[in-house]
**Q** 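Once you've had a glance at the structure underneath, I'll fire off some questions.
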Amino acid sequence: MTRTARLLIVGPQGSGKGTQGARIAQALGIPTVSTGDVFRANIAAGTPLGEQVKAITAAGNLVSDELTGQIVRDRLSQDDAAAGFLLDGYPRNLRQVQDLDGFLAERDAHLDAVIELSVPRAESIERLALRAKEQGRTDDTDEIIAKRLAIYESETAPILDVYRERGTVDTIDGVGTLDEITERIVAALTARGITRPAAV
Ligand code: AMP
């Protein structure tokens, strides 16, 4: 059994990774670290960071690796993330994988599992269109959705090959009810011996 639960959830926009990530993090008692949420919260609060990333995120582009990496390092350095965390939206390209590897290696740590949520492209687009209506996210317009999905394919999907080579990826069918999908993820993590981490 692993005593840590350092996890990453990866999937295209509209795969449900935010929802499932939150459920898994809650089940395991670990914090979710979502870079997208950090940026959105800062934009909503009008902070200097928010002002800096507003136009970039609204256009569907990626914020710089340096800035994003700093945010993640700060968050993962907090006590509540010592034994486990669930990353959502970071790393998002190969450079960020390297940055995260470096950060974790300094702490003698590594990711215990990478959950890949697999959803057909047509279904992702449908779910995003629905979310746009419900949540009014400025980066959920048709054109920006297409751009974000293209960036996912070209920059983010390749990170899965790196993790696959390390044997850490569990590919989960992301089509079904919320509970069914959560159960699939929990089963895959349990099979790896990943449960609620021991308190540190
Ligand atoms: P998300 O909610 O994960 O889709 O993130 C929303 C937006 O925040 C993205 O379209 C990017 O503009 C920005 N963002 C989130 N995570 C990252 C990251 N790891 N690297 C660069 N930009 C990011």
Side-chain angles (χ1 to χ4, degrees), residues 7-27 31-47 49-65 67-68 71-72 86-94 96-97 114-161 163-164 169-188:
L7 311 177
L8 162 64
I9 190 161
V10 184
Q13 289 76 9
S15 62
K17 72 183 165 59
T19 306
Q20 291 298 334
R23 286 174 150 232
I24 296 301
Q26 189 175 18
T32 305
V33 178
S34 160
T35 42
D37 282 352
V38 171
F39 292 139
R40 277 185 290 279
N42 276 275
I43 292 166
T47 67
L49 171 65
E51 288 304 314
Q52 203 177 338
V53 301
K54 200 171 170 175
I56 302 170
T57 59
N61 290 317
L62 293 186
V63 175
S64 78
D65 294 330
L67 184 56
T68 314
I71 288 165
V72 172
L86 183 137
L87 283 166
D88 166 8
Y90 185 94
R92 221 175 178 100
N93 59 32
L94 292 170
Q96 294 183 6
V97 170
V114 176
I115 303 152
E116 176 191 14
L117 261 193
S118 166
V119 173
R121 195 185 162 95
E123 173 133 359
S124 295
I125 292 174
E126 212 172 285
R127 292 186 192 174
L128 285 169
L130 190 69
R131 183 172 79 185
K133 263 198 222 140
E134 288 172 357
Q135 299 180 5
R137 269 177 59 163
T138 50
D139 56 353
D140 275 347
T141 64
D142 285 354
E143 192 190 332
I144 310 255
I145 285 170
K147 186 189 219 174
R148 291 164 70 224
L149 284 171
I151 293 179
Y152 177 82
E153 291 302 331
S154 64
E155 301 211 26
T156 307
I159 76 170
L160 284 164
D161 296 334
Y163 289 121
R164 226 168 248 130
V169 178
D170 287 311
T171 302
I172 306 293
D173 177 2
V175 181
T177 66
L178 284 183
D179 285 345
E180 279 165 357
I181 299 164
T182 305
E183 276 164 29
R184 286 173 201 152
I185 299 172
V186 170

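Since we're looking at a predicted model, the values are computed, not measured.
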**Q** Which pairs count as side chain to side chain donor-acceptor pair (under 3.5 Å) when at least one residue sits in residues 49-60, sequence neighbours excluded?
**A** none
**Q** Are Thr32 and Asp88 close enough that a side-chain donor and a side-chain acceptor fall under 3.5 Å?
**A** no
**Q** Sub-3.5 Å donor-acceptor pair from the side chain of Arg184 to the main-chain atoms of Asp173, do we have one?
**A** yes
**Q** Is there a donor-acceptor pair under 3.5 Å between the side chain of Gln20 and the backbone N or O of Thr182?
**A** yes
**Q** If you count heavy atoms of other groups shown closer than 6.0 angstrom to CG of Asp142, is the number above 12?
**A** no
**Q** Please test Leu67 against Val53 for side-chain contact (heavy atoms from CB on, under 4.5 Å), starting from the C-alpha separation and ending with a verdict.
**A** CA-CA 10 Å; Leu67 184 56; Val53 301; 3.9 Å; yes
**Q** Residues two or more places apart in sequence or in another chain: which of them pass salt bridge (Lys or Arg N to Asp or Glu O under 4.0 Å) with Asp37?
**A** Arg40
**Q** Go through the structure and list residues passing side chain to side chain donor-acceptor pair (under 3.5 Å) with Lys147, not counting sequence neighbours.
**A** Asn61
**Q** Does the Thr35 side chain pair with the main chain of Gly89, one donor and one acceptor, at a distance under 3.5 Å?
**A** yes
**Q** Mind checking the CZ-CD spacing from Arg131 to Glu134? Nearest 0.5 Å is all I need.
**A** 10.0 Å
**Q** Which heavy atom of Ala129 sits nearest to which heavy atom of Ile145, and what is that distance?
**A** N-CD1, 4.4 Å
**Q** Taking side chain to side chain donor-acceptor pair (under 3.5 Å) as the test, write out the residues that go with Arg92, two or more places apart.
**A** none
**Q** The criterion is side chain to side chain donor-acceptor pair (under 3.5 Å); which residues satisfy it with Thr156, sequence neighbours excluded?
**A** none
**Q** Using the test side chain to side chain donor-acceptor pair (under 3.5 Å), find all partners of Arg127 that sit at least two apart in sequence or belong to another chain.
**A** Glu123
